[in-house]
Amino acid sequence: MKKISVICIDCESNYIDEVLLGQTYRNLEVVEAVTGKDFYEDIAMYCAETDSDYICFLEPGQRLEADKIIKMTEYAEKFPEAAAILCCRNYIEGDGTIVAHPDACYQDSFADTLFDGGQFLRACAALGHNLFGNLTTTMFRREKVTLNADKLMQYGTEDIPQLQKAFLLFEIIADRVLAVFDKPLVSTLVEKADMEKLRVWEELFESRMKMFYEAHEWETPEISLKGIAAEHIQLFKEENAKDLQLKKDITFFAMNKGEYYNLLPVMECAKKRGYQVKYSDNLDEKAEIGVYCQHVGKPENAKFSVILLHDMGQGHNRWPNIWELERWNVYDIGIVPGEEWADRWKKCAFQYYVNPRRGAYMLGYPKSNQVFSQEIRERAAELRERMQLQYDVSVLYAPSWECANKEDDFVRALASLPVNLLVKQGPWARGFGDTIVNNVNNMRKLHEGKYDNLHYYEWDENILVPLMMCDLVVSDESSVLMEALMFGRPSIAVEDWLIPDTRPARFACVPFKSVYKCEKAGLRKLVEQLLAGGLENAGKVREAEGFFVNKERVNEDIIDAIEYYTTGNGSEEFKRWRMSGFYLPANLWT
């Protein structure tokens, strides 16, 4: 078994024991090192004198997979030409929540491939993207890496542990052959944001990096080597609005009725403000100003772009970081609906791809303004009269996917209660969800006309109408569960209802805090309990305060932001909703 040294830098003894006793690899030589004046000399001397085959590191604030060392060693043995081996990493909060996985932009780029360390490092420096990790993600062959303490000390980093460790790592990988294990074996704790400290370190890093380039006789690039991505540099100094000389012409991109109704209030506000407004379901269409709400839009086709959520549960199986796949750095403005979504954004904003070019704002949820809509109220009153509802309380069934006889579960469980049963299926279209459309039609044929208290909405009805008409919502994992809170309505998620977007179908995923949850066998009992306690007193509704913000002005503020950043004029009141991240932006020295 190969002997491996683990150099533990600035680590407490109990932390070293906790981490390394959890490793499955046993032939380890553990040594301790301290950053500061003698750090480079101590490291270089130890590496020169040890008989270990490989050397790796441990720093504070890291969690290691139990097989981290053995997997890196096995990978290194596959590539004897490699001087250094890196592994990918996650970023985590103190409770272990993963707030970022390895950058999906580079997925499958590293497996079974050797890299020139100098090219790899220069590419990272040019982008400000840290793809190499830190010393804890690094292992090197002692026989292939010789460290020169004098060369390291010339960078003058002894007073800054973060930079001192970073430049040690750079010397290990620069001008050497690298192999990268493309699975995360390390998780790094995120650090609380301190913009002043970041500003100082960024300036120091830039000056030291110039020295590093010169020492390695690399051509000095024309761009600044600030150590952080461009998306984070704008956090230091917001760019002033400019007159982009754009026409007052906005295209709203919606691929289905759900997205259309989500954007409709903004469209109506834009019309009132004198904008030419167009709706399109073609993401390839060019736009002067484009407003998008898809998981992945095409903002490159717009001269100025805005991104919103299309529903409150968007990407809920990937919370908190939906932005790993739904990247906002390609848009000009990003908008979230309230405090829960702002919290997710702030947790993840340390990654470059979460940050739009002109910032992200907690301006609210466009549909929440419709709570005050006279049109919605009139439509609700019209349908109440047409349906001839016989009870004072109405329970709405509005699933995301109709399958496995869910509607039948709902009807059978609640039909004998003194309540109106309202059914609103989603706006499925032929060709996209034929099986679901068939399920919806079959359920309606099975139930309609059989129960005096059962009523149906047509598929294209605005969901806000039934939400205004009901007193309680039942669903699987639909965003309707949370949209009900706009009207102060409690909601129930049935967690063992199936969702057929995987094979085999999965159970509903309901990470929503402000929603009651049960299994289908317990649905009637939970409804009875809520009715007995008075739906107006439902605790989950009270807990959701702040879920939707700025209801009165959300759409005005969205148009204000568009106007400000495209003309340089208009109200700046929307800026009070601008968000900043909780954690230190990911950079080249952490």
Side-chain angles (χ1 to χ4, degrees), residues 62-63 65 68 71-72 75 85-93 96-113 115 119-121 123-134 136-137 178-190 227-232 283 292-300 305 307-311 313-332 334 336 341 343-357 360 501-502 506 509 511 581-588 590:
Q62 315 296 318
R63 296 186 186 178
E65 296 297 313
K68 181 256 184 185
K71 280 193 172 180
M72 290 192 72
Y75 197 68
I85 301 88
L86 311 175
C87 71
C88 295
R89 63 172 170 172
N90 296 321
Y91 289 87
I92 59 173
E93 295 179 298
T97 298
I98 297 176
V99 286
H101 296 88
D103 193 340
C105 184
Y106 302 96
Q107 188 174 0
D108 302 325
S109 298
F110 301 128
D112 298 332
T113 303
F115 298 88
Q119 289 183 339
F120 188 82
L121 183 55
C124 290
L127 294 170
H129 296 178
N130 184 341
L131 303 179
F132 44 76
N134 54 21
T136 307
T137 66
L178 304 182
V180 181
F181 187 79
D182 68 347
K183 300 292 187 295
L185 300 175
V186 174
S187 293
T188 297
L189 283 166
V190 286
I228 58 176
E231 291 83 354
H232 284 131
L283 290 174
Y292 301 82
C293 65
Q294 293 71 41
H295 290 290
V296 179
K298 292 189 176 181
E300 63 273 18
S305 58
I307 180 68
L308 305 93
L309 302 179
H310 60 252
D311 67 50
Q314 189 163 326
H316 59 269
N317 58 329
R318 293 180 277 113
W319 285 358
N321 197 342
I322 71 163
W323 296 275
E324 290 182 315
L325 300 181
E326 303 181 30
R327 296 181 167 233
W328 278 18
N329 62 310
V330 293
Y331 298 89
D332 291 295
V336 300
W341 268 103
D343 184 71
R344 290 183 195 105
W345 186 91
K346 290 175 182 179
K347 284 184 175 187
C348 304
F350 70 95
Q351 290 287 4
Y352 71 93
Y353 51 76
V354 182
N355 295 265
R357 289 184 285 263
D501 61 352
T502 61
R506 59 179 175 84
C509 175
F582 290 145
Y583 303 121
L584 191 72
N587 54 63
L588 268 65
T590 56

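Here the structure is a predicted model, which is why all the values come from computation and not from measurement.
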Next item on the list: Can you measure from CG (L131) to OG1 (T137) and round to the nearest 0.5 angstrom?
Entry: 10.5 Å
Margin query: I need the minimum non-hydrogen distance between W319 and Q314, along with the two atoms involved.
Written below: NE1-O, 2.9 Å
Check: If you round to the nearest 0.5 Å, how far is CH2 of W345 from CD1 of I322?
Finding: 12.5 Å
Next item on the list: Quick one: list whatever passes salt bridge (charged side-chain N to carboxylate O under 4.0 Å, His left out) with E326, sequence neighbours left out.
Entry: R318
Check: Is the side chain of N355 donor-acceptor paired with the backbone N or O of A349 at a distance under 3.5 Å, no angle test?
Finding: yes
Check: Can you name the residues that form a salt bridge (charged side-chain N to carboxylate O under 4.0 Å, His left out) with D311, not counting sequence neighbours?
Finding: none
Notebook entry, point to check: Hey, are Q62 and N134 close enough side-chain-wise for a donor-acceptor pair under 3.5 Å?
Noted result: yes
Next item on the list: Give the minimum heavy-atom separation between Y75 and A179, together with the two atoms involved.
Entry: CE2-CB, 4.0 Å
Margin query: Can you tell whether the side chains of D103 and R327 come within less than 4.0 Å, N to carboxylate O?
Written below: yes
Note to self: I want to check something: taking the side chain as every heavy atom from C-beta on, are L185 and K71 in contact at a cut-off of under 4.5 Å?
What the structure shows: yes
Margin query: C509: which residues meet the side chain to side chain contact (heavy atoms under 4.5 Å, CB included) condition with it, sequence neighbours left out?
Written below: H316, N317, E477, R506, P511
Note to self: Within the 4.5 Å heavy-atom criterion, are L584 and T590 side-chain neighbours or not?
What the structure shows: yes
Notebook entry, point to check: Which value, rounded to the nearest 0.5 Å, describes the distance between H129 atom NE2 and Q351 atom CD?
Noted result: 9.0 Å
Notebook entry, point to check: Within the side chain of Y91, is there an N or O that forms a donor-acceptor pair under 3.5 Å with the backbone of I98?
Noted result: no
Item checked: Sidechain N-carboxylate O distance under 4.0 Å for E93, K347 -> yes
Next item on the list: Could you tell me which non-hydrogen atom of S305 sits nearest to which non-hydrogen atom of D332, and how far apart they are?
Entry: N-OD2, 2.9 Å
Item checked: OG1 on T113 to CG on D108, rounded to 0.5 Å -> 10.0 Å
Next item on the list: May I have the step-by-step check of side-chain contact (heavy atoms from CB on, under 4.5 Å) for R63 and I92, ending in yes or no?
Entry: CA-CA 9 Å; R63 296 186 186 178; I92 59 173; 3.5 Å; yes
Checklist line | Heavy-atom pair with the smallest gap, counting every atom of P356 and G334 | finding: CG-N, 3.5 Å
Checklist line | D112: side chain to side chain donor-acceptor pair (under 3.5 Å) partners, not counting sequence neighbours | finding: K78
Checklist line | Nearest heavy atoms of Y331 and V296, plus distance in Å | finding: OH-C, 4.3 Å
Note to self: Can you tell me how far apart CZ (F181) and SG (C88) are? Round to the nearest 0.5 Å.
What the structure shows: 9.0 Å
Margin query: Pairing donors with acceptors under 3.5 angstrom, does anything connect the side chains of R89 and T188?
Written below: yes
Next item on the list: Answer yes or no: is there a donor N or O on one side and an acceptor on the other, between the side chain of N587 and the main chain of P585, under 3.5 Å?
Entry: yes
Checklist line | Note, P299 side chain near I307 side chain (heavy atom, < 4.5 Å) | finding: no
Next item on the list: Carefully, step by step, assess F350 and V99 under the rule side-chain contact (heavy atoms from CB on, under 4.5 Å).
Entry: CA-CA 9 Å; F350 70 95; V99 286; 3.6 Å; yes
Item checked: Counterpart residues, ring-ring contact (aromatic ring centres under 6.0 Å, His included), relative to H101 (two or more places apart) -> none
Margin query: Nearest 0.5 Å, please: how far is CD in E65 from SG in C87?
Written below: 9.5 Å
Next item on the list: In sequence, state the C-alpha distance, the side-chain angles, and the governing distance for L283 and Q294, and then conclude on side-chain contact (heavy atoms from CB on, under 4.5 Å).
Entry: CA-CA 10 Å; L283 290 174; Q294 293 71 41; 3.7 Å; yes
Checklist line | Residue list, ring-ring contact (aromatic ring centres under 6.0 Å, His included) with F110, at least two apart or on another chain | finding: F115
Check: How close do G128 and L588 get, heavy atom to heavy atom, and via which atoms?
Finding: C-CD1, 3.6 Å
Margin query: Counting C-beta onward and ignoring hydrogens, is there a side-chain heavy-atom pair between F120 and L178 closer than 4.5 Å?
Written below: yes
Note to self: Can you tell me which residue among W323, Y353, Y292, Y352 is in a ring pair (Phe, Tyr, Trp, His ring centres under 6.0 Å) with W328?
What the structure shows: W323
Margin query: Between K68 (side chain only) and T136 (backbone N and O only), is there a donor and an acceptor less than 3.5 Å apart?
Written below: yes
